[in-house]
Amino acid sequence: MFEGEMASLEALQTTGLVRVPRPIKVIDLPGGGAAFVMEHLKMRSLSRAFVLLVVISWCSGGLSSFLSQASKLGDQMADLHLYNQKLRDKSKAEENTVGRRAEGAEPQYVTKFGFHTVTCCGFIPQVNEWQDDWPTFFARHRLQAQLDLIEKDYADREARELWSQLQVKIPDLFCGLEIVPALLHGDLWSGNVAEDDSGPVIYDPASFYGHSEFELAIALMFGGFPRSFFTAYHRKIPKAPGFDRRLLLYQLFNYLNHWNHFGQGYRSPSLGTMRKLLK
């Protein structure tokens, strides 16, 4: 778990586009278990600040400051999601440049979906084996993996039947869509976002290269982020046709993941989302 988190923080930090705690070392403890040493940041919770500022809405100056930080984070996340695409465009341009100087140390465009190591979303390990095709990666390594755990623990007949109908329809949600692998935080809910005196900070990632829209699903769930975050984000990455239905598909992963973490309370939203996608 810690090794996956460290690799995720390193990947995010390398872009220079988002602020994360600097990872230092994963240490095996003599008595068993491990510790993860990283940079200490004096962080304040953005989500808690938002709740408090809404309750005391007369504090308009503080609310304005919060919304500004959320907007800044939306802008930064869009830049992060465009980072690999810009590497691709730069690589293509350099291919046509005579006498281009080789710079092997520069970041390279990532052509596939996945990650170079296992990461954990919560306590569940995620297989990140590289795939050429995003719908295949997502169906196999995210949805099917979660449903396999549900089958093992609950043997839920309705989940099994709905999934057998849904999985064959997943490719239809991506028709005509070009998806460039984007480096994702992987678990960008409001509890994994904060700020310090220099601006927004994101932490506790489960990174991989995937579809940028996947990142927004959990950001809209469980309290979510303010509108200013999404407004800033979509200025740089506008919604593509079919966005809302794909968002449901990505939210399904998060409901299934919560079902596996927290139990049957998440069965109803999981199955309800599958039914909506089948309509």
Return the [atom1] to [atom2] distance between [X] and [Y], rounded to the nearest 0.5 Å.
X: His185; Y: Leu80; atom1: NE2; atom2: CG; result: 10.0 Å
X: Leu73; Y: Arg19; atom1: CG; atom2: CZ; result: 13.0 Å
X: Arg22; Y: Met6; atom1: CZ; atom2: CE; result: 9.5 Å
X: Lys86; Y: Thr15; atom1: NZ; atom2: OG1; result: 11.5 Å
X: Lys239; Y: Glu213; atom1: NZ; atom2: CD; result: 10.0 Å
X: Leu277; Y: Arg246; atom1: CG; atom2: CZ; result: 12.0 Å

same_hphob_cluster([X], [Y]) at 4.5 Å side-chain heavy-atom cutoff:
X: Tyr255; Y: Tyr154; answer: yes
X: Phe222; Y: Phe253; answer: yes
X: Val118; Y: Leu9; answer: no
X: Leu278; Y: Val168; answer: no
X: Ile237; Y: Phe229; answer: yes

* Can you spot which of Phe214, Trp130, Phe115 makes a ring pair (Phe, Tyr, Trp, His ring centres under 6.0 Å) with Phe208? =>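 Going through the options one by one, the only one that passes is Phe214.
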
* Positive for ring pair (Phe, Tyr, Trp, His ring centres under 6.0 Å) with Phe138, one of Phe113, Tyr250, Tyr209, Phe174 ->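 Of the listed options, the one satisfying the test is Tyr250.
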
* To do: Just do the side-chain contact (heavy atoms from CB on, under 4.5 Å) check on Gln167 and Leu143 with the steps written out, would you?
  => CA-CA 9 Å; Gln167 60 183 322; Leu143 293 180; over 6 Å; no

Within-4.5 Å side-chain heavy-atom neighbours: [X] and [Y]:
X: Trp189; Y: Asp204; answer: no
X: His141; Y: Val127; answer: yes
X: Tyr109; Y: Pro181; answer: yes
X: Met77; Y: Val18; answer: yes
X: Glu129; Y: Arg140; answer: no

Between the main-chain N or O of [Y] and the side-chain N or O of [X], is there a donor-acceptor pair closer than 3.5 Å?
X: Asn192; Y: Asp187; result: yes
X: Ser91; Y: Leu87; result: no
X: Glu215; Y: Gly186; result: yes
X: Gln126; Y: Arg142; result: no
X: Asn84; Y: Ala182; result: no
X: Ser207; Y: Leu184; result: yes

Any idea which heavy atoms bring [X] and [Y] closest together, and the distance?
X: Gly4; Y: Thr119; value: O-CG2, 3.8 Å
X: Leu252; Y: Met274; value: CD1-CG, 3.5 Å
X: Gln251; Y: Ala217; value: NE2-O, 3.6 Å
X: Val201; Y: Val20; value: CG1-CA, 4.3 Å
X: Ala232; Y: Ser71; value: CB-O, 3.2 Å
X: Met38; Y: Pro23; value: CB-CA, 4.0 Å

* **Connected hydrophobic set around Met1, excluding itself, where side chains approach under 4.5 Å** =>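 Grouped by the 4.5 Å side-chain rule, Phe123, Ile124, Leu149 form the rest of the cluster around Met1.
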
* To do: Give a yes or no on this: more than 12 heavy atoms of other residues, nucleotides or ligands lie within 6.0 Å of atom CD of Glu3.
  =>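 No, because the 6.0 Å sphere around CD of Glu3 holds 12 heavy atoms or fewer from other groups.
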
* Asked: Is the distance between the ring centroids of Tyr266 and His261 less than 6.0 Å?
  ->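 When the ring centroids of Tyr266 and His261 are compared, they turn out to be at least 6.0 Å apart.
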
* Mind checking whether Phe230 and Phe225 have parallel, tilted or perpendicular rings, split at 30° and 60°? ->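 Rings of Phe230 and Phe225: tilted, as their planes differ by 30° to 60°.
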
* Any idea how His81 and Tyr233 line up, ring-wise: parallel (<30°), tilted (30 to 60°), or perpendicular (>60°)? ->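 Judged by the thresholds at 30° and 60°, the geometry between His81 and Tyr233 is perpendicular.
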
* Start with the C-alpha gap between Gln144 and Trp163, add the side-chain angles, then the distance that decides, and say whether side-chain contact (heavy atoms from CB on, under 4.5 Å) holds. => CA-CA 9 Å; Gln144 184 68 65; Trp163 175 236; 2.8 Å; yes

* Can you run down the side chain to side chain donor-acceptor pair (under 3.5 Å) pairs that involve residues 269-279, sequence neighbours left out, and say none if there aren't any? =>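 Pairs touching residues 269-279 that pass the test: Glu158-Arg275.
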
* Asked: Does the pair Leu216 and Phe243 meet the rule for a side-chain contact (heavy atoms from CB on, under 4.5 Å), with working shown?
  -> CA-CA 11 Å; Leu216 302 183; Phe243 174 88; 4.0 Å; yes

* Would you check, one step at a time, whether the test side-chain contact (heavy atoms from CB on, under 4.5 Å) holds for Lys236 with Asp75? => CA-CA 7 Å; Lys236 292 189 171 181; Asp75 195 64; 2.9 Å; yes

